[in-house]
Amino acid sequence: MSILVDKWFAENTFHASEFDHIADLVRLKEEQGLTISLALPALNEEETVGNVIGTIRKSLVEKYPLLDEIVLMDSNSTDRTREIAESLGIPVYIHQQVLPQYGAREGKGEALWKSLYVTSSDIIIWIDSDIVNIHPRFVYGVVGPLLLNKNIHFVKGFYQRPLKTGRRVQSTGGGRVTELTARPLLNLFYPELSGVIQPLSGEYGGRRKVLETLTFFTGYGVETGLLIDVFEKFGLSAIAQVDLLERIHHNQSLTALSKMSFVIIQAVLKKLEERFKQPLFEDINRSMKIVQYEGGNYYLEVKEIIEQDRPPMITLPEYRAKFYLNKETEITG
Ligand SMILES: O=c1ccn([C@@H]2O[C@H](COP(=O)(O)OP(=O)(O)O)[C@@H](O)[C@H]2O)c(=O)[nH]1
Ligand SMILES: O=C(O)[C@@H](COP(=O)(O)O)O[C@H]1O[C@H](CO)[C@@H](O)[C@H](O)[C@H]1O
């Protein structure tokens, strides 16, 4: 196993600087007849979303036509996120209003799942919209391996992760759920994925023909579930990772990340049930007691946190009608 992981790590780990001749990427994209969409998940990101959109669009749409589409997939923000995005002229969707016949669930994964439906390209890239040090590399670095190697179907970014708490910024320390929950669990149960440096990174993407076949967890389990599913269905060689240098984002509180961890553990347990084809954990407790401390007193806040998933987008008739109807009629005549 270790040799397999080391070989993968050597062969499928890239650096963003390998792809900074963006004109070459555009040429590769056109030679392969591919299109590329960027979907931005956002929940109350008014502080950063405008700079994220402006920076990426200036470099990767206006200067170099690498991206064919940029959309914002909003989670019903209550701040100016949508207003800012609309003022910059990009399509804005509220995920709760997309495919309403399937209901609306809270969460980042729901936004990403529905972004498959509203975008149209062969390759979909996601980046978080709370990136403080945004740079085009967060997108072209993920696109690069997909254009370089047709056998790579899914690319994850990785980076140094400073941690900003209050006014203090430490050069490392971020990625707390990654280091304390996700990577330990993957090392325990999916050691083949132990070479993935940032399994939870929000900067990643892949080919539509792969992503549309995967289930999506609707909350913060989405990254974990997709990574495991791509590995299980397409193999480790279908996955690559790219060094995006450093990412500074809005760090959530430890309490918020404790809930995120609770979700990610559920995601791994669900994937284990699928691997062993047995309902191993269906009766586990999903009502979390969260310790709160206020005014010198402790109390327990009880919150039910159940990570749900959505079926592969390809199973939706609405999706097939949008992407395959012509092909189906071509075949059936
Ligand atoms: O229900 C949600 C929760 C989060 N996000 C977005 O998903 C990205 C990552 O979320 P967050 O920053 O909360 O996670 P963290 O990076 O702190 O783990 C950010 O762009 C959020 O705005 C979203 O679109 N919908
Ligand atoms: O990597 C992590 O531990 C968490 C929290 O990061 P920080 O400790 O606030 O830097 O952030 C990631 O996790 C989320 C759940 O997968 C992703 O949605 C985020 O994009 C990613 O930043």
Side-chain angles (χ1 to χ4, degrees), residues 38-53 56 71-82 84-85 92-96 98 104-115 125-134 138 142 156-166 169-186 196-205 216-228 244 246-268 305 307-308:
L38 172 68
L40 300 167
L43 175 59
N44 296 329
E45 302 295 3
E46 64 180 4
E47 280 181 31
T48 48
V49 71
N51 191 35
V52 167
I53 294 168
I56 299 301
V71 304
L72 182 95
M73 185 55 83
D74 184 69
S75 292
N76 215 6
S77 297
T78 52
D79 68 0
R80 298 179 54 247
T81 297
R82 290 193 303 278
I84 293 166
V92 174
Y93 301 89
I94 298 176
H95 77 62
Q96 290 88 337
V98 174
R105 295 184 191 156
E106 277 186 26
K108 179 189 181 184
E110 180 87 342
L112 301 190
W113 182 68
K114 292 186 176 179
S115 72
I125 306 293
W126 296 294
I127 67 170
D128 287 357
S129 46
D130 67 341
I131 299 174
V132 176
N133 64 326
I134 188 62
F138 286 106
V142 176
K156 290 290 291 188
F158 65 90
Y159 23 60
Q160 289 298 305
R161 300 189 65 170
L163 179 62
K164 186 168 173 288
T165 44
V169 180
Q170 302 161 216
S171 60
T172 60
R176 291 160 289 174
V177 178
T178 294
E179 301 307 327
L180 297 173
T181 302
R183 287 186 48 72
L185 278 172
L186 291 174
V196 179
I197 297 169
Q198 288 289 336
L200 303 187
S201 62
E203 291 62 46
Y204 61 109
F216 277 59
F217 284 112
T218 51
Y220 282 123
V222 60
E223 280 82 21
T224 307
L226 289 177
L227 182 64
I228 290 171
L244 302 174
E246 177 184 72
R247 188 190 77 165
I248 302 170
H249 71 131
H250 291 156
N251 303 109
Q252 296 188 64
S253 68
L254 214 47
T255 303
L257 296 190
S258 179
K259 295 176 202 172
M260 180 186 289
S261 192
F262 190 69
V263 159
I264 285 167
I265 294 167
Q266 288 185 52
V268 172
I305 305 175
E307 184 62 327
Q308 299 175 291

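Both counts, for ligands and for their atoms, begin at 1 and track the order of listing. Heads up: numbering here begins at 1 and tracks the sequence.
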Where on [X] is there a heavy atom closer than 4.0 Å to ligand 2, on the side chain, on the backbone, on both, or on neither?
| X | result |
| --- | --- |
| Glu179 | neither |
| Glu223 | side chain |
| Thr224 | neither |

Less than 4.5 Å apart, side chain to side chain, heavy atoms only: is that true for [X] and [Y]?
| X | Y | value |
| --- | --- | --- |
| Asn133 | Phe138 | yes |
| Ile305 | Val263 | yes |
| Val222 | Trp126 | no |
| Ser171 | Gln160 | no |
| Thr218 | Glu106 | no |

Ligand 1 contact on Ser75 by region, counting heavy-atom pairs under 4.0 Å: side chain
Do any nitrogen or oxygen atoms of [X] come within less than 3.5 Å of a nitrogen or oxygen of ligand 1?
| X | answer |
| --- | --- |
| Met260 | no |
| Asp130 | yes |
| Met73 | no |
| Leu257 | no |
| Glu106 | no |

If you have a sec, work out which protein heavy atom is nearest [atom] and how many Å separate them, to one decimal?
| atom | value |
| --- | --- |
| atom 2 (C) of ligand 2 | Thr178 OG1, 3.4 Å |
| atom 2 (C) of ligand 1 | Lys108 N, 3.5 Å |
| atom 6 (O) of ligand 2 | Arg161 NH2, 3.1 Å |

State the atoms of ligand 2, each with its element, that fall below the 4.0 Å cut-off from a heavy-atom position in Asp128. 19 (C), 20 (O), 22 (O)
So, regarding [X] and ligand 2 (criterion: nitrogen or oxygen to nitrogen or oxygen, under 3.5 Å), is there a contact or not?
| X | value |
| --- | --- |
| His250 | no |
| Lys108 | yes |
| Val177 | yes |
| Gly175 | yes |

Please answer whether the main-chain N or O of [Y] pairs with a side-chain N or O of [X] as donor and acceptor at a distance below 3.5 Å.
| X | Y | result |
| --- | --- | --- |
| Ser261 | Ser258 | no |
| Glu203 | Asp128 | yes |
| Glu307 | Gly221 | yes |
| Asp130 | Glu45 | no |
| Asn44 | Thr78 | yes |
| Thr172 | Pro162 | no |

Quick check on contacts: which atoms of ligand 1 are under 4.0 angstrom from a heavy atom of [X]?
| X | result |
| --- | --- |
| Tyr220 | 3 (C), 4 (C), 10 (O), 11 (P), 13 (O), 14 (O) |
| Glu45 | 19 (C), 20 (O), 21 (C), 22 (O) |
| Gln252 | 11 (P), 13 (O), 14 (O), 15 (P), 17 (O), 18 (O) |
| Asp128 | 8 (C), 9 (C), 16 (O), 20 (O) |

contact_flag Gly107 ligand 1 heavy-atom lt 4.0 Å: yes
Could you tell me if any non-hydrogen atom of Leu163 lies under 4.0 Å from any atom of ligand 2? no
Gln198 heavy atom under 4.0 Å from ligand 2: no
Would you tell me which option among Arg247, Arg183, His249 has the nearest heavy-atom contact to atom 22 (O) of ligand 2? Arg247
Among Leu226, Val222, Leu200, Thr181, closest by any non-hydrogen atom to atom 21 (C) of ligand 2: Leu200
For Thr165 and Gln170, which heavy atoms make the closest approach, and how far apart are they? OG1-OE1, 4.2 Å
Note: Glu223-Lys108 ion pair, threshold 4.0 Å (strictly below): yes
With distance as the sole criterion, is a donor-acceptor pair present between the side chains of Gln198 and Arg161 under 3.5 Å? yes
